[in-house]
Number of protein chains: 2
Amino acid sequence: MALQDSLEILGGKWKLLIVHYLAQRTAEENTFKNMQRGIPGISAKMLSKELKDLELNLMVSKEQPGLKTSTASYSITTYGKKVMPVTDVLINWGLQHRLMIKENG
Amino acid sequence: MALQDSLEILGGKWKLLIVHYLAQRTAEENTFKNMQRGIPGISAKMLSKELKDLELNLMVSKEQPGLKTSTASYSITTYGKKVMPVTDVLINWGLQHRLMIKENG
DNA sequence: GGCACTGGTAACCTTGAGGTTACCACTAAG
DNA sequence: CTTAGTGGTAACCTCAAGGTTACCAGTGCC
């Protein structure tokens with residue numbers, strides 16, 4: 001079932017958050033430390049691991065223009081942009097749900 | 001952030017699968033054992049637990065017409081139907097991703 | 001009575017996602 | 001030289017999600 005596939009690939013605490021973060025900024029902004037600061041709560045280990053997973057799945061690409069490691073940056077690929085409907089719909093749902101809790105609360 | 005909220009509430013291995021399952025059938029079909037058989041891999045424990053979570057979040061309702069426990073069944077609520085866009089978009093993405101993997105081989 | 005089904009629950013165990021700490025190499029600024 | 005920043009990695013630990021097994025009560029059939 002396709003739903004199960006998607007949940008396996010995009011599941012977990014961080015992947016969608018990372019993709020969404022990258023989708024909103026330019027490559028130059030997306031340095032490792034910037035991302036770490038911009039995604040509250042994520043550890044270097046998880047960020048590193050998830051970025052590798054996302055690279056493997058062709059959703060994120062890493063650029064390192066020179067030899068300096070300190071110039072590395074990340075950006076979302078064209079293919080990666082295809083998960084944006086997923087994050088969008090989840091964000092909408094989250095907002096709706098918050099409202100509903102308030103009204104009902 | 002709304003995205004994090006959504007991931008917390010809908011996250012995990014089973015919730016979206018259950019909601020999607022329920023959304024496709026009538027209440028009468030949705031007995032506990034039927035669901036267990038229809039959602040491959042789920043255990044009674046998880047099904048029971050997740051159904052309770054979903055009831056708490058007002059997405060699923062349990063009906064038990066008589067006193068007999070054996071007549072219990074589950075159905076998705078109007079509110080629960082609002083997560084259908086999420087499952088739909090994930091299913092589409094999953095199908096696309098499968099295609100892309102094949103092409104890219 | 002005995003067997004099979006239903007709707008579950010309680011107790012226990014395993015596994016891996018995720019967190020924490022420490023560490024490395026390189027660059028730039030003071 | 002020292003301090004602070006960058007981009008990470010390795011090793012270890014924890015905890016909860018999820019799985020497994022056993023069990024219970026009720027209904028129906030033969």
Side-chain angles (χ1 to χ4, degrees), chain A residues 1 3-22 25-57 60-75, chain B residues 1 3-22 25-57 60-75:
Chain A
M1 181 185 272
L3 186 47
Q4 260 161 328
D5 292 357
S6 305
L7 292 173
E8 251 179 63
I9 297 168
L10 302 175
K13 200 169 167 182
W14 298 115
K15 289 209 183 65
L16 287 175
L17 251 17
I18 292 174
V19 168
H20 183 241
Y21 183 91
L22 288 175
R25 316 172 202 254
T26 68
E28 299 82 56
E29 300 177 80
N30 292 328
T31 66
F32 193 89
K33 292 289 187 195
N34 265 356
M35 295 181 69
Q36 216 181 139
R37 279 184 287 258
I39 305 175
I42 200 167
S43 66
K45 173 188 160 185
M46 287 311 295
L47 182 53
S48 170
K49 193 205 134 211
E50 300 290 49
L51 283 171
K52 274 174 193 159
D53 283 5
L54 291 169
E55 257 191 283
L56 273 181
N57 279 322
V60 161
S61 67
K62 181 179 180 175
E63 296 110 35
Q64 193 175 321
L67 291 168
K68 309 186 186 183
T69 62
S70 56
T71 59
S73 70
Y74 297 87
S75 59
Chain B
M1 183 183 271
L3 186 47
Q4 260 161 329
D5 292 357
S6 304
L7 292 173
E8 252 179 64
I9 297 168
L10 301 176
K13 199 169 168 180
W14 298 115
K15 291 209 182 67
L16 287 175
L17 251 15
I18 293 174
V19 168
H20 182 241
Y21 183 92
L22 289 175
R25 313 168 205 257
T26 69
E28 298 82 56
E29 300 177 80
N30 293 326
T31 66
F32 193 89
K33 293 287 187 197
N34 265 355
M35 295 182 69
Q36 219 183 136
R37 280 185 287 258
I39 305 177
I42 198 165
S43 66
K45 173 189 159 185
M46 287 312 295
L47 182 53
S48 170
K49 193 207 135 208
E50 300 288 50
L51 283 171
K52 274 174 193 160
D53 283 5
L54 291 169
E55 257 191 284
L56 273 180
N57 280 322
V60 161
S61 68
K62 181 179 180 174
E63 295 108 37
Q64 192 174 323
L67 291 168
K68 309 186 184 181
T69 62
S70 56
T71 58
S73 70
Y74 297 87
S75 58

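We name chains A, B, ... by the order of the sequence lines, and we start the count at 1 in each one. Quantities reported herein were computed from a predicted structural model and do not represent experimental measurements.
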Protein N or O to nucleotides 4-7 of chain D N or O, pairs below 3.5 Å:
from: D/dT6; atom 1: OP1; to: A/Arg37; atom 2: NH1; distance (Å): 3.3
from: D/dT6; atom 1: OP1; to: A/Arg37; atom 2: NH2; distance (Å): 2.9
from: D/dG7; atom 1: OP1; to: A/Thr31; atom 2: OG1; distance (Å): 3.4
from: D/dG7; atom 1: OP1; to: A/Phe32; atom 2: N; distance (Å): 3.3
from: D/dG7; atom 1: OP2; to: A/Lys33; atom 2: N; distance (Å): 2.8

> How do B/Ala44 and A/Gly41 order along DNA chain C: which one's closest nucleotide is nearer the 5' end?
Replying inline: B/Ala44

>> For a quick test of reading the model, state the closest non-hydrogen atom pair linking B/Tyr21 to B/Asn34 and the distance between them.
In response: OH-O, 3.4 Å

> Nearest heavy-atom pair of B/Ala27 and B/Glu63: which atoms, and what distance?
Replying inline: CB-OE1, 3.7 Å

>> Rounded to whole Å, how long is the line connecting atom CG of A/Leu51 with atom P of C/dG18?
In response: 14 Å

> Would you say A/Glu29's side chain and A/Thr26's backbone share a donor-acceptor pair under 3.5 angstrom?
Replying inline: yes

> Just how far, in rounded Å, is P of D/dT9 from CG of A/Leu47?
Replying inline: 10 Å

> Of all heavy-atom pairs between A/Ser43 and A/Gln36, which one has the smallest distance, and what is that distance?
Replying inline: C-OE1, 4.5 Å

>> Quick check on C/dG8: is either OP1 or OP2 less than 4.0 Å from any side-chain nitrogen or oxygen of B/Ser48?
In response: no

>> Could you walk me through whether A/Leu54 and A/Lys15 satisfy the side-chain contact (heavy atoms from CB on, under 4.5 Å) test, starting with their C-alpha distance in whole Å, then the side-chain angles of each, then the deciding distance to 0.1 Å, before giving a yes or no?
In response: CA-CA 8 Å; A/Leu54 291 169; A/Lys15 289 209 183 65; 3.9 Å; yes

Polar-atom pairs under 3.5 Å, protein N or O versus N or O of nucleotides 16-18 of chain D: list them with distances, or write none.
from: D/dG18; atom 1: OP1; to: B/Lys13; atom 2: N; distance (Å): 2.8
from: D/dG18; atom 1: N7; to: B/Lys45; atom 2: NZ; distance (Å): 3.2
from: D/dG18; atom 1: O6; to: B/Lys45; atom 2: NZ; distance (Å): 3.3

>> Nearest whole Å is fine: how far is C/dG18 P from A/Asp53 CG?
In response: 10 Å

